[in-house]
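Below, chain A is the first sequence line, B the second, and so on; all start at residue 1.
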There are 2 protein chains.
Amino acid sequence: MSTTMRFKRSDCPITNVLDTLGDKWTLLVIRDLVLGKRRYQEFLSSPERIASNILADRLAKLEAAGLVTRRAYQQNPARHEYLLTKKGKGLEPVLEAIIVWGQKHYPGTKRFPTVRQGDGAVKQ
Amino acid sequence: MSTTMRFKRSDCPITNVLDTLGDKWTLLVIRDLVLGKRRYQEFLSSPERIASNILADRLAKLEAAGLVTRRAYQQNPARHEYLLTKKGKGLEPVLEAIIVWGQKHYPGTKRFPTVRQGDGAVKQ
DNA sequence: CCTTATAACTTGCAAAATGCAAGTCACACG
DNA sequence: CGTGTGACTTGCATTTTGCAAGTTATAAGG
């Protein structure tokens, strides 16, 4: 039969986005990437203090979902960095809408500054 | 001295939004409310099949967060409905941005139809 | 050399959240 | 009286999360 389960929970776009991004950490990693962070230690040093096993898990899942690419930026010793794909960058309007609503309803919150300007190498 | 911990994880607006909405179910309840659903059984009947204990938990948290109001629409027996507050309705642009990105990257997903047009009249 | 440091993870385990089934309670209807 | 409905609650197993510590490779300093 051709009743292939195309979607995990339903064919609602919101549901499918939540199946990828619906937790307390994934979108914060995306936020850091949008702000220009690229390296493991940079993500770890964000004020929310993500645990290293959660970070590793989220980076792997984001890579599997095609939102992030991992690449070595040097050998000996091998060091890696993470960059948003075009698909990942497409989430910026979502983050923007969240920031607008968040700033309005959580007084005192502040948009974080970018950590690296210019030089926006985006890998397809 | 203002050493009061104003924020749970950080003063990032995104982080604070995620502390309220960052899981796989809360935004789906909001979606249902935006679509016009109001009653417990209506939320339960959505295709994602939320468990009743999770639904009760999320409705209580949404009410505590000021996104939803609960009110009796009849007595004997008491029956309640849930409505978005103005603050809750303010999330529509966030949902909209998620739908736009979701429809683009999850081919075959479809925006769900509203279930109730117009205002207060609730038909049985 | 030998100690210390750094990047990028991995492992172990306790705690919390989620999922599923079933139960509860107050009524209304026939 | 028996059945049905709405709105939850409860119990318990599974899954996910959080925290601390360990690992591997290499480099830099004394």
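Nucleotide C:dA8 holds its P atom 9 Å from the NE2 atom of A:H80, rounded to whole Å. With rounding to whole Å, A:L44 atom CG is found 13 Å from C:dT10 atom C1'. Spacing between atom CZ of B:R79 and atom P of D:dG6 amounts to 7 Å, rounded to whole angstrom units. Taking atom CD of A:Q74 as the reference point, atom P of D:dT26 lies 11 Å away to the nearest angstrom. In this structure, the NZ atom of B:K8 is 13 Å from the P atom of D:dT17, given to the nearest Å.
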With a 3.5 Å cut-off and sequence neighbours excluded, list the donor-acceptor pairs that the side chains of residues 87-98 of chain B form with protein atoms.
| unit_1 | atom_1 | unit_2 | atom_2 | d |
| --- | --- | --- | --- | --- |
| B:K87 | NZ | B:A65 | O | 3.0 |
| B:E96 | OE1 | B:R111 | NH1 | 3.3 |
| B:E96 | OE2 | B:R111 | NH2 | 2.8 |

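Residue contacts for B:F43: at a heavy-atom cut-off of 4.0 Å it reaches no nucleic acid atom on any strand shown.
Here A:W25 does not reach the OP1 or OP2 of D:dT16: none of its side-chain N or O atoms lies under 4.0 Å away. Taking side-chain N and O atoms only, B:Y40 has no distance below 4.0 Å to OP1 or OP2 of D:dT9. Not one side-chain nitrogen or oxygen of B:Y82 sits closer than 4.0 Å to the OP1 or OP2 atom of D:dG6. Remark: A:R70 is in phosphate contact with C:dC9, judged by side-chain N or O atoms under 4.0 Å from OP1 or OP2. Remark: B:R38 is not in phosphate contact with D:dG6, judged by side-chain N or O atoms under 4.0 Å from OP1 or OP2.
Contacts of residues 46-61 of chain B with DNA chain D (heavy atom under 4.0 Å): B:S52, B:N53.
The OG1 atom of A:T114 sits 12.0 Å away from the CG atom of A:D32 when rounded to the nearest 0.5 Å. In this structure, A:R9 CZ and B:S46 OG are separated by 11.0 Å, a value rounded to the nearest 0.5 Å.
Between A:R31 and A:V34 the shortest side-chain heavy-atom distance does not fall below 4.5 Å.
For the pair A:I50 and A:L44, the tightest heavy-atom approach, listed with the atom from each and the gap, is O-CD2, 3.6 Å.
For B:T109, the side-chain contact (heavy atoms from CB on, under 4.5 Å) criterion is met by A:F7, A:P13, A:N16, B:Q103, B:Y106, not counting sequence neighbours.
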